[in-house]
Protein chains: 2
Amino acid sequence: MTIKEVSEKYDLSADTIRYYERIGLIPHVPRKENGIRDFDEAACGWVEFSKCMRNAGVQVEALIEYVDLFFKEGTEEARKDILVEQRARLQEQYEQLKATMERLDYKIAHYEELMVKKCPNLKS
Amino acid sequence: MTIKEVSEKYDLSADTIRYYERIGLIPHVPRKENGIRDFDEAACGWVEFSKCMRNAGVQVEALIEYVDLFFKEGTEEARKDILVEQRARLQEQYEQLKATMERLDYKIAHYEELMVKKCPNLKS
DNA sequence: TCTTGACTTCGAGTACACTCCAAGTGTTAA
DNA sequence: TTAACACTTGGAGTGTACTCGAAGTCAAGA
């Protein structure tokens, strides 16, 4: 698979994918004889994984560390620790998000009430 | 209340609070005769609100727009629209977060299993 | 053969959200 | 009265994560 196909498949710019490889957020992608990237299933998997994690807000730094450990023997515990820490971060973000959404709901309801009062005929 | 007290109360740096006022993310804070900020309840409320929204990931730009409209008559609908849009953004983020946390749980479980296999005596 | 277009690398530029700094003022405590 | 300290403004600097540009290679079609 070319970088363009992968880019379209996962809706990430080719620049971003190259950037991720450059900084080690995804492992080295196999190349054809002419040097052009030729994504295999594993490489695609990493792209998909990194996209998922980044979308949720996992830091680039943590992912780089994880990928780095992934290719070293006996680092299972350290890898797990990274995942656990990031899991906790996401959990916190999740709570914050929930609370803020409730607050927004409350404010939105207030505005809706206001608007019904202003235009009683439009209350549907 | 001084900026220092507000800063401590909401765990936001004084620099950040001044920055928020400067860019209009919170309305103008009342001053004493000598020009020093003197936060009243309303000003504190805005600080707290902006902190909550920013922590959840609401963009600075959207909050500036909201605060701007807040002091203009007849902008209730526009204000509501901003809140509704931001609510939708947070909802999306929420789904993404949930999915990613599940995925991390799965991976963490995998590592735990691995480690139990390696050290059967430590399976507790 | 020549042009078009996708790819390569690497370094520079950008956007966002702070965060810090310099220069100056005002208040309090020794 | 002088030092210490918190505050003011406006502008410059920083960190993170991309995003773009330049210069060059390579393969395919007119």
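Worth knowing before you read on, the calculation uses all heavy atoms, side chains too, and leaves out hydrogens, waters and symmetry mates. Just so we're on the same page: letters track the sequence lines, and every chain starts at 1.
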inquiry  = Check the phosphate of C:dT8 against A:R37, side-chain N and O only, distance under 4.0 Å to OP1 or OP2. Yes or no?
reply    = yes
task = Mind running a 4.0 Å heavy-atom check of residues 42-57 of chain A against DNA chain D and sending the residues that fall below it, in number order?
result = A:R54
query = Any sub-3.5 Å donor-acceptor pair from B:R31's side-chain atoms to B:V29's backbone N or O?
reply = yes
ask   = To the side chain of B:R22, which of C:dA6, C:dC20, D:dT19 is closest?
value = C:dC20
task = Can you spot which of A:K117, A:H110, A:M115 makes a side chain to side chain contact (heavy atoms under 4.5 Å, CB included) with A:E113?
result = A:K117
ask   = Could one point to a donor on the side chain of B:R18 or the base of D:dG10 with an acceptor on the other under 3.5 Å away?
value = no
query = Does B:A56 offer a backbone N or O that forms a donor-acceptor pair with the side chain of A:T100 under 3.5 Å?
reply = no
request  = Let me know the distance between CD of A:E21 and C1' of C:dC7, rounded to the nearest Å.
outcome  = 13 Å
task = Give a yes/no on whether any side-chain N or O of A:T16 is located under 4.0 angstrom from OP1 or OP2 of D:dT19.
result = yes
query = Quick check: does any side chain N or O of A:D38 sit under 3.5 Å from a backbone N or O of A:M1, one acting as donor and the other as acceptor?
reply = yes
key: Of A:E61 and B:D38, the one whose closest DNA chain D nucleotide lies more 5'   = B:D38
task = Check the pair A:T2 / A:R37 against side-chain contact (heavy atoms from CB on, under 4.5 Å), numbers first and verdict last.
result = CA-CA 6 Å; A:T2 66; A:R37 285 176 186 80; over 6 Å; no
query = From the list C:dA17, C:dT8, D:dC18, which nucleotide is the closest neighbour of the side chain of B:Y19?
reply = C:dA17
key: Presence of A:R31 side-chain N/O under 4.0 Å of D:dC26 phosphate oxygens OP1/OP2   = no
inquiry  = Among C:dC7, D:dC7, D:dC18, which nucleotide has an atom closest to any side-chain atom of A:I3?
reply    = C:dC7
Proximity of B:F39 and B:W46 rings by center, below 6.0 Å = no
task = Please report, rounded to the nearest Å, how far the P atom of C:dA17 is from the CD1 atom of B:I23.
result = 8 Å
query = Between A:T2 and C:dC7, is there a side-chain N or O to OP1/OP2 distance below 4.0 Å?
reply = yes
inquiry  = Please confirm whether the shortest side-chain N or O distance from B:N34 to OP1 or OP2 of C:dT27 is below 4.0 Å.
reply    = yes
query = Would you say a side-chain N or O of A:Y20 is under 4.0 Å from OP1 or OP2 of D:dA17?
reply = no
message = Can you classify the ring geometry of B:Y66 versus A:Y111 as parallel (below 30°), tilted (30 to 60°) or perpendicular (above 60°)?
response = perpendicular
